[in-house]
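Here is the structure we will look at.
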Amino acid sequence: ALALIIGVGFFLKYAFDNDWISETMRVLMGAAAGGALLFFAERTHKKDFKVFAQGLVGAGVAILYLSVYAALHFYHLVPQVVAFGLMSAVTMITLWLALKYDSLAVTLLGWAGGFLTPIMLSTDVANEIGLFTYVALLDAGLLAIVLSKEKWIVLEPLSLAATAMMYFLWFVSDYTPDKFMPTLFFLVLFWMLFF
């Protein structure tokens, strides 16, 4: 199996270097591989290989995130809005699978992917309302998970810390006095969510 993996890896590198496989096909192959891993995770979970299924979910989700990232930044195949929607969908699927498999580890993967999405897709244009609306929705979803899974209480301080980090990164680089009212609105919203 290891020899086969190494051989396929060298073949793919050779094919990429010689443009035998187009950029679109590369991204689609990554998305298909990520989807296949999620499919096999479902099958192995049903056979009671729960830890192995969680590993497959982690690998599949990581490949899906990387495929969207490559489609936007490396190959410029999709606009930022589409990439943002796709990464948000991957985060939602990850959190849904975490609940389905009762896995805190998968939830933490979704938490990390969710908060890294705006960073991975950032451009030179600041969009306070879009960024903080997304973070507020992500926080609401994560806090809803904490309400349904009280033993996963670690998500609450992690989400608060990530939200504060996102706010301070934005504040240091993009805040101007004319953005006072929307900034105040989102600060109150975040306070209410975590209170």
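Residue numbers run from 1 in the order of the sequence given.
- In the hydrophobic clustering of this structure, L66 does not group with L109; members are Ile, Leu, Val, Met, Phe, Trp, Tyr whose side-chain heavy atoms approach within less than 4.5 Å, directly or through other members.
- The backbone N or O of L77 sits nowhere less than 3.5 Å from a side-chain atom of E23 that would complete a donor-acceptor pair.
- To the nearest 0.5 Å, atoms CG (D139) and CG (L155) are separated by 11.0 Å.
- Judged by distance alone, with hydrogens and angles left aside, the side-chain atoms of T133 form no donor-acceptor pair with the main-chain N or O of G130 at under 3.5 Å.
- Residues V68 and M25 do not share a hydrophobic cluster, clusters being chains of Ile/Leu/Val/Met/Phe/Trp/Tyr side chains in contact below 4.5 Å.
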(request) Output, in order, the C-alpha distance, side-chain angles, deciding distance and verdict of side chain to side chain contact (heavy atoms under 4.5 Å, CB included) for L143 and F194. (result) CA-CA 8 Å; L143 293 173; F194 286 99; 4.0 Å; yes

(message) Walk me through whether F115 and L142 qualify under side chain to side chain contact (heavy atoms under 4.5 Å, CB included).
(response) CA-CA 11 Å; F115 280 105; L142 290 167; 3.7 Å; yes

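- Within the 4.5 Å cutoff, no side-chain heavy atoms of L138 are placed close to those of M166.
- Here the shortest heavy-atom pairing between P79 and L72 reads C-CD1, 3.9 Å.
- Two different hydrophobic clusters hold W96 and L137 under the rule that ILVMFWY side chains link at heavy-atom gaps under 4.5 Å.
- Going from atom CZ of F190 over to atom OG of S159 covers 11.5 Å, rounded to the nearest 0.5 Å.
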(message) ring pair (Phe, Tyr, Trp, His ring centres under 6.0 Å) for F180 and Y175? Distances and angles first, verdict last.
(response) CA-CA 8 Å; F180 176 77; Y175 178 76; 7.5 Å; no

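- Within 6.0 Å of CZ on F40 lie no more than 12 heavy atoms contributed by other residues, nucleotides or ligands.
- Between F74 and V27, every side-chain heavy-atom pair lies at or beyond the 4.5 Å cut-off.
- Contact detail for G110 and L95: the closest heavy-atom pair is CA-CD2, 4.0 Å.
- Transitive grouping of hydrophobic side chains (ILVMFWY, heavy atoms separated by less than 4.5 Å) brings M181 and L189 into a common cluster.
- Atom CD1 of I129 has 12 or fewer heavy atoms from other residues, nucleotides or ligands within 6.0 Å.
- D174 contributes atom CG, which lies 10.0 Å from atom CG of N127 (distance to the nearest 0.5 angstrom).
- Y134 and S88 make their closest contact through CE1-OG, 3.5 Å (heavy atoms, listed as atom of the first residue, atom of the second, distance).
- Considering only heavy atoms from C-beta on, D102 comes within 4.5 Å of K151 through its side chain.
- The closest side-chain heavy-atom distance from E128 to T183 is below 4.5 Å.
- With no hydrogens or angles considered, no side-chain donor-acceptor pair links Y65 and T117 at under 3.5 Å.
- Put simply, L116 and F168 are part of the same group of oily side chains (I, L, V, M, F, W, Y) that touch within less than 4.5 Å, one to the next.
- For A126 against K179, the heavy-atom pair with the smallest separation is CB-NZ, 4.3 Å.
- The distance from atom CG of L86 to atom CZ of F84, rounded to the nearest 0.5 Å, is 11.0 Å.
- In this structure, the side chains of E42 and K100 come closer than 4.5 Å at one or more pairs of heavy atoms.
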Identify every side-chain donor-acceptor pair in residues 49-64 under 3.5 Å, counting partners at least two apart or on other chains, and give the distances.
{"unit_1": "K50", "atom_1": "NZ", "unit_2": "D48", "atom_2": "OD1", "d": "3.1"}
{"unit_1": "Q54", "atom_1": "OE1", "unit_2": "S103", "atom_2": "OG", "d": "3.1"}

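- Residues L38 and I93 come closest through the heavy atom pair CD1-CG2, 4.3 Å.
- Across V154 and P157, no two heavy atoms sit closer than the pair O-CD, 3.2 Å.
- Between T163 and L193 the shortest side-chain heavy-atom distance does not fall below 4.5 Å.
- The OG atom of S122 lies 8.0 Å from the CD atom of Q80; values are rounded to the nearest 0.5 Å.
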(message) Assess the residue pair L99 and K149 against the criterion (side chain to side chain contact (heavy atoms under 4.5 Å, CB included)); give the C-alpha distance rounded to whole Å, side-chain angles, the decisive distance to 0.1 Å, and a yes or no.
(response) CA-CA 9 Å; L99 288 171; K149 300 276 189 181; 4.0 Å; yes

(request) Take L97 and H45 through the test side chain to side chain contact (heavy atoms under 4.5 Å, CB included) and record every step on the way to the result. (result) CA-CA 11 Å; L97 289 172; H45 189 265; over 6 Å; no

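- A perpendicular orientation is assigned to the rings of F132 and W170, their planes being inclined by more than 60° (bins at 30° and 60°).
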